[in-house]
Amino acid sequence: MSKSPIRSVKGTQDILPDQSTRWQDLELTIQKIMDCYGYKEIRTPAFEHSEVFSQGVGEETDIVSKEMYSWTDQGGDNLTLKPELTAPVARSFIQHNLGVQNSINKLYYIDALFRRERPQKGRYRQFHQFGIEVFGSENPETDVEVIALAMHVFHKLGLKELTLQLNSIGSPECRNNYRNAIKNFLAPHFDQLSQTSQDRYNNNPLRILDTKSPDEKEILKDAPNISNYWTIDDKNHFDEVCNLLKHIKIDYQLSPSLVRGLDYYTRTTFEITSNELGAQNAICGGGRYDGLVEKLGGKPTPGIGFAAGIERLLLASSSDNKIRNIQIYIVGIGNDVRPTMINLAEELRSNDIRTSFDYLRRSIKAQMREANKLGAQYAIIIGEDELKDKSVIIKDLSTSNQEKITLDLVQKYMKSLPL
RNA sequence: GUGGGUGUAGCUCAACUGGUUAGAGCACCGGAUUGUGGUUCCGGAGGCUGUGGGUUCAAGUCCCAUCACUCACCCCA
């Protein structure tokens, strides 16, 4: 245990070299798949004006009401470290008139987010998501492509035991009617509801459906089902989404209580869970938000997207950390050879050969040990004798064979080796 | 915000119901005749037992507080 008083902030974590290559591999996989689907990366600032979230995500949501890192800067601006990315991407989409340049915009991101919650397995205060947002299409094939893309990534990462849960929360009219129906239904039971559910009754009654309290679940057993409040268009849309999913053989579970916590959702909502995680088992959540762009001051534009938690993906997948080992380790004997060593190293690196050498002027034995520890394929040994006759010894560390060659032939020689 | 669990070496863990100088494995550094790694053998370094108080002849061990980590609730990625 370190006595040092200076530590990383609670809920944040360092990604050390023994993990960082896993992150790089994951990011590379995501980038390749995004490329295949024709999505372009968008990068937005780490912080935004707080209204982006209070208006876009909704004042009554947990994220905005109790989880944001917000502050007033020296100029008096109210700023917030982004706790989610759909609203900032929508803001950027509006600000730069992306909808005018292209009728469809398919965007993706890999980014860090911040929420002040009690940390837990798979939940951190700074965490990372990758996700996509599609602006400009309200048609069901868009919904299905978005879901298919998410599944594609997860399968590529070797995730098993995934469940896709699917629901439609309908259009705004439908939600209004349904909201009233829920309130009417719950009114006689109001006194039996928990404090939070009573609050939600007024603010966001649909969220009560998400409760995990057995008592409330019992009450909700006979609650009205949202599907009875869909408009014809809502129903057709959802049916098409389901049919297309079946068509491309993606299994799903209907989940009428999946209402999603954020205000901007309309129609399709979905969540993908992994049973290889703890309580925080959602690795991906998303849905359609046809009203968001307009709500943030843009022209009415349909949209849909998802976000997936990278820490959770890494927890659920068991991929190895593939360290890219050094290929050549240069061993030098005596201080006179140092200039030759560093020069040789630079030349090898110019030829894209991963090369390192000893900085501590240690014994040859220690240097050889280091070469082995670093997983080098070859050691190049330069001592006083070699310096004199302008040669080096090249030793294959897997076979222990070694041979002496002249210094000016090293580059050519290395190219002939199976590196 | 609420509850449970855990704090001993860089890491994983020992130390019988309180009883000498707190141990081991891994990792690290060095050595096993001169300029050669992995396996083996030998050696070395590394701890105010999270912190503060209390009980006791005696505390890593018991009690209290505090801090940190962790899991869970709420909610979500």
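Naming: A, B, ... by sequence-line order, numbering from 1 per chain. Since this is a predicted model, take the numbers as computed values, not measurements.
- Candidate nucleotides B:U36, B:G35, B:A72 were compared by shortest atom distance to the side chain of A:A279, and B:A72 ranks first.
- When the C1' atom is used for both B:C67 and B:G52, the distance is 10 Å, rounded to whole Å.
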Indicate every side-chain donor-acceptor pair of residues 375-388 of chain A with a distance under 3.5 Å to a residue at least two apart or in another chain.
residue : atom : partner : partner atom : Å
A:E386  : OE1  : A:G383  : N            : 2.8

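- In this view, A:K82 and A:T44, A:D111 satisfy the side chain to side chain donor-acceptor pair (under 3.5 Å) rule, not counting sequence neighbours.
- A:R338 is linked by a salt bridge (Lys or Arg N to Asp or Glu O under 4.0 Å) to A:D358, counting only residues two or more places apart in sequence or in another chain.
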ask   = In dot-bracket, 5' to 3', how would RNA chain B read with Watson-Crick or G-U wobble pairs under 3.5 Å, [ ] for crossing ones and | for pairs to another strand?
value = (((((((..((((.....[...)))).(((((.......))))).....(((((..]....))))))))))))....

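- Listed by first and then second residue, the salt bridge (Lys or Arg N to Asp or Glu O under 4.0 Å) pairs involving residues 37-61 of chain A are A:E41-A:R43, A:E48-A:R91 (not counting sequence neighbours).
- No engagement by A:E271 is indicated, since no non-hydrogen atom pair under 4.0 Å with the nucleic acid exists.
- The salt bridge (Lys or Arg N to Asp or Glu O under 4.0 Å) check on A:R267 picks up A:D234, with sequence neighbours excluded.
- Residues meeting the salt bridge (Lys or Arg N to Asp or Glu O under 4.0 Å) test with A:R179, sequence neighbours left out: none.
- Taking for each of A:E386 and A:C284 the nucleotide of RNA chain B with the nearest heavy atom, the 5'-most of the two is the partner of A:E386.
- Checking B:C74, B:C73, B:C28 against every side-chain atom of A:K66, the shortest atom distance belongs to B:C74.
- For the pair A:I63 and A:I364, both in contact range of RNA chain B, the more 5′-proximal nearest nucleotide belongs to A:I364.
- Taking the C1' atoms as reference points, B:G60 lies 14 Å from B:U51, given to the whole Å.
- A salt bridge is defined here as a Lys NZ or Arg NE, NH1 or NH2 lying under 4.0 Å from an Asp or Glu carboxylate O, and A:D389 with A:K404 meets this definition.
- Contacts of A:Y69 classified as ring pair (Phe, Tyr, Trp, His ring centres under 6.0 Å), with partners at least two apart in sequence or in another chain: none.
- Here A:E84 lies out of heavy-atom contact (under 4.0 Å) with every strand.
- Here A:T269 pairs with nothing under the side chain to side chain donor-acceptor pair (under 3.5 Å) rule; sequence neighbours left out.
- Applying the side chain to side chain donor-acceptor pair (under 3.5 Å) criterion to A:Q411, with sequence neighbours excluded, gives A:E347, A:N351.
- Contacts between residues 118-133 of chain A and RNA chain B, defined by a heavy-atom separation below 4.0 Å, involve A:R118, A:Q120, A:K121, A:G122, A:R123, A:Y124, A:F127, A:Q129, listed by number.
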request  = Mark up nucleotides 38-43 of chain B, 5' to 3', with B wherever a protein heavy atom is under 4.0 angstrom from a base atom, S wherever such an atom reaches only the sugar-phosphate, and - elsewhere.
outcome  = B-----

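- At B:C28, one or more side-chain N or O atoms of A:K373 fall inside 4.0 Å of OP1 or OP2 (strictly under the cut-off).
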